[in-house]
Number of protein chains: 4
Amino acid sequence: MTVREVIAAHPRPTSLDRDVLLRCIDECFDCAATCTSCADACLGEPDVAELVRCVRLCLDCADACDTTGRIVTRQTEPDLGVVRAVVEACATTCRVCGDECERHAAHHEHCRISAEVCRRCERACNELLAAIG
Amino acid sequence: MTVREVIAAHPRPTSLDRDVLLRCIDECFDCAATCTSCADACLGEPDVAELVRCVRLCLDCADACDTTGRIVTRQTEPDLGVVRAVVEACATTCRVCGDECERHAAHHEHCRISAEVCRRCERACNELLAAIG
Amino acid sequence: MTVREVIAAHPRPTSLDRDVLLRCIDECFDCAATCTSCADACLGEPDVAELVRCVRLCLDCADACDTTGRIVTRQTEPDLGVVRAVVEACATTCRVCGDECERHAAHHEHCRISAEVCRRCERACNELLAAIG
Amino acid sequence: MTVREVIAAHPRPTSLDRDVLLRCIDECFDCAATCTSCADACLGEPDVAELVRCVRLCLDCADACDTTGRIVTRQTEPDLGVVRAVVEACATTCRVCGDECERHAAHHEHCRISAEVCRRCERACNELLAAIG
């Protein structure tokens with residue numbers, strides 16, 4: 001994503017490990033889009049009534065990942081307590097949403113993909129948390 | 001807000017204390033709008049260079065409150081672990097943003113108002129956390 | 001909403017009619033929350049399969065109203081061409097979503113409320129468009 | 001982005017040209033992240049007072065692109081009138097924001113990158129509008 005180039009040109013980048021930070025940003029925005037799309041695909045399935053919890057958690061996950069992506073992207077005057085709290089909440093949301101998507105992975109390819117992206121995003125969040133300390 | 005009436009008509013409301021839940025929703029959406037507006041008012045001040053941290057934290061707070069307001073609004077099949085993590089992150093963000101706004105309250109009326117709204121939202125989040133247990 | 005007080009304290013307010021502007025902001029944020037809640041209430045109904053179009057349009061309307069509320073709230077250095085285009089898109093989204101909600105108003109009280117809020121928001125957007133000229 | 005794979009697995013994809021649709025989705029989400037980052041980089045510059053209009057329009061553009069990306073991603077029961085209005089508003093916002101970023105491109109590499117991404121997103125929006133007809 002082009003956001004990597006903008007951060008490379010930032011006048012006051014944070015002191016956080018650059019690779020870990022950029023991976024978290026990438027995964028958050030990818031997971032936000034993927035969960036928006038999985039909620040919508042579930043809504044289009046004939047068995048939508050069986051997928052209600054999946055839709056709901058994908059909507060939550062899309063919102064949490066989008067907000068986390070924005071906050072982690074910002075380099076100017078960050079508050080690490082805020083970053084930590086928000087990234088922790090994102091990791092929790094991705095874990096729970098990934099578990100739910102996985103329950104439908106055998107029947108719905110979009111849920112299988114979404115589960116995988118949630119796992120990747122959860123991992124990237126946890127790596128950033130480790131880097132923050 | 002009209003969202004109260006929609007939740008009153010919801011087919012499967014959560015078991016959370018209704019008053020505490022609705023107050024948290026109201027305060028999150030009010031704080032999201034107020035912080036969006038305070039970030040913008042700071043940007044219009046002649047001393048914007050002194051307000052950079054305030055702008056940044058107001059943008060973070062607007063995003064966190066908007067996402068939290070959406071997630072807490074949803075009543076269908078909630079995951080309380082997700083709700084708790086997201087509301088905790090919101091309370092932290094409101095506390096830090098409120099502290100920063102307060103530092104400028106004597107010079108900028110919009111920061112004074114914003115600080116107050118952040119405090120109210122932090123309190124409403126903490127009350128919901130107590131209700132979740 | 002407290003955003004009214006922040007805008008009253010803004011150092012560089014736009015020249016747009018204040019009452020019309022504030023009504024549009026209020027209605028956009030109210031409609032965003034209401035449509036988030038109606039999408040979720042529809043998802044919890046036993047006849048969710050009949051409400052798929054309503055869920056989808058409520059998600060669209062919540063996103064459009066939230067973004068429009070943010071953009072109209074900002075007073076510093078606005079571009080009226082951007083404001084006009086975004087408010088026009090919001091009015092269209094509210095009209096289409098309001099029509100769909102109305103189709104379910106007799107069976108679902110939350111859809112009846114949501115239809116009404118969409119109408120109010122559409123009207124407030126059109127009044128702001130008339131004020132922009 | 002992974003959203004392409006989810007849409008490939010969607011049970012009821014829209015009839016819109018797939019390549020044009022996916023390019024619009026990609027560019028909207030890329031532009032949303034890039035403008036979030038450019039607004040923040042401008043905020044960190046010593047000459048932030050000269051960049052106020054750029055920050056403001058980047059915030060508008062990030063919000064508009066994010067909402068447009070979400071709405072265009074949804075394939076289930078779309079309303080083409082809503083899609084058209086929202087994509088038009090996004091193209092306008094990208095054009096105006098791209099013009100402003102370009103004014104600072106010689107002094108700030110992040111503005112140069114952002115201007116380019118806004119142009120690409122504007123183009124992708126216009127191609128989708130042509131496909132909708």
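Side chains included, hydrogens not; waters and symmetry mates left out as well; all remaining heavy atoms used. Here is the naming used below: chain letters follow the sequence lines, and residue numbers restart at 1 for every chain.
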**OP:** Output the option from B:Pro78, B:Gly81, B:Cys90 having the highest count of non-hydrogen pairs under 4.5 Å with chain A.
**Re:** B:Pro78
**OP:** Below 4.5 Å from any heavy atom of chain B, which atoms of A:Leu59 appear? Answer side chain, backbone, both or neither.
**Re:** both
Original post:
Looking at A:Ala89 and B:Ala85, what are the two nearest heavy atoms and their distance?
Top reply: CB-O, 3.4 Å
Interchain donor-acceptor contacts below 3.5 Å (chain A, chain B):
residue: A:Arg53; atom: NH2; partner: B:Asp79; partner atom: OD2; Å: 3.2
residue: A:Arg56; atom: NH1; partner: B:Arg74; partner atom: O; Å: 3.1
residue: A:Arg56; atom: NH1; partner: B:Thr76; partner atom: O; Å: 3.0
residue: A:Arg56; atom: NH2; partner: B:Ile71; partner atom: O; Å: 3.0
residue: A:Asp60; atom: OD1; partner: B:Arg74; partner atom: NH1; Å: 2.7
residue: A:Asp63; atom: O; partner: B:Thr67; partner atom: OG1; Å: 3.1
residue: A:Asp63; atom: OD1; partner: B:Arg70; partner atom: NH1; Å: 3.3
residue: A:Asp63; atom: OD2; partner: B:Arg74; partner atom: NH1; Å: 3.3
residue: A:Asp63; atom: OD2; partner: B:Arg74; partner atom: NH2; Å: 2.9
residue: A:Thr67; atom: OG1; partner: B:Asp63; partner atom: O; Å: 3.1
residue: A:Thr67; atom: OG1; partner: B:Thr67; partner atom: OG1; Å: 2.7
residue: A:Arg70; atom: NH1; partner: B:Asp63; partner atom: OD1; Å: 3.3
residue: A:Ile71; atom: O; partner: B:Arg56; partner atom: NH2; Å: 3.0
residue: A:Arg74; atom: O; partner: B:Arg56; partner atom: NH1; Å: 3.1
residue: A:Arg74; atom: NH1; partner: B:Asp60; partner atom: OD1; Å: 2.7
residue: A:Arg74; atom: NH1; partner: B:Asp63; partner atom: OD2; Å: 3.3
residue: A:Arg74; atom: NH2; partner: B:Asp63; partner atom: OD2; Å: 2.9
residue: A:Thr76; atom: O; partner: B:Arg56; partner atom: NH1; Å: 3.0
residue: A:Asp79; atom: OD2; partner: B:Arg53; partner atom: NH2; Å: 3.3

Subject >> Residue B:Val86 versus chain A: region with a heavy atom under 4.5 Å >> reply: both
Subject >> Largest heavy-atom contact set with chain B, pairs under 4.5 Å, which of A:Ile71, A:Leu57, A:Val55 >> reply: A:Ile71
